[in-house]
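Single-structure report; data block below.
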Amino acid sequence: LRDSKAWVPLPPRVMDDLFEEIRKLMFANVYGVLAVAFAQGTLTGLGFWFSGVPSPVLWGSVAGLLSILPFIGAGLVWIPGVI
C-alpha cells in the first residue's frame with residue numbers, strides 16, 4: 001500500500017483520503033450485497049410459503065445464497081418453483 005502511494009503524483013493527504021473513500025465504498029458494497037441477498041431470500045421464501053411450495057425456508061435460503069450471482073442467482077430457484 002505504501003509503495004502504491006509513491007507511484008501516484010498526488011499529495012499524501014489526498015492519497016490518504018482516496019484510500020479511505022475506497023475502503024468505505026468497499027464495505028458499503030459488501031453490506032449492500034448481503035442486504036439484497038437477505039431480502040431476496042426472505043421474499044422468495046415468503047412467496048413459496050404463500051403459494052404452497054414445499055420447503056419454503058430451504059428454497060428461500062438457497063435463493064438468498066444464489067442471489068449473490070449477478071443476473072441468474074435467485075432465478076435459478078424461483079423459475080423452477082413457478083413452473
Side-chain angles (χ1 to χ4, degrees):
L1 185 63
R2 288 187 178 106
D3 293 336
S4 64
K5 288 182 182 180
W7 299 342
V8 180
L10 290 174
R13 184 187 62 76
V14 173
M15 288 300 295
D16 290 338
D17 291 344
L18 184 62
F19 279 120
E20 179 63 24
E21 193 66 28
I22 290 170
R23 186 188 71 77
K24 288 179 187 176
L25 289 171
M26 287 172 43
F27 277 105
N29 192 14
V30 169
Y31 290 143
V33 166
L34 293 176
V36 168
F38 178 77
Q40 283 188 343
T42 301
L43 292 174
T44 301
L46 285 173
F48 281 3
W49 179 64
F50 284 132
S51 58
V53 174
S55 304
V57 174
L58 170 70
W59 294 117
S61 300
V62 172
L65 288 173
L66 290 177
S67 72
I68 295 171
L69 298 173
F71 302 111
I72 61 169
L76 292 175
V77 174
W78 63 260
I79 289 176
V82 169
I83 292 173

Are [Y] and [X] connected into the same hydrophobic cluster when the rule is that any two of I, L, V, M, F, W, Y join if their side-chain heavy atoms are below 4.5 Å apart?
X: F19; Y: M26; value: yes
X: V62; Y: V53; value: yes
X: V57; Y: L46; value: no
X: L69; Y: I79; value: yes
X: I83; Y: F50; value: no

How far apart are the closest heavy atoms of [X] and [Y], and which atoms are they?
X: G75; Y: P80; result: O-CD, 3.8 Å
X: V77; Y: W59; result: CG1-O, 3.6 Å
X: G64; Y: S67; result: O-OG, 2.8 Å

[atom2] on [Y] to [atom1] on [X], rounded to 0.5 Å:
X: I22; Y: D17; atom1: CD1; atom2: CG; value: 11.0 Å
X: F38; Y: L65; atom1: CZ; atom2: CG; value: 12.5 Å
X: S55; Y: W49; atom1: OG; atom2: CH2; value: 14.5 Å
X: E20; Y: L25; atom1: CD; atom2: CG; value: 10.0 Å

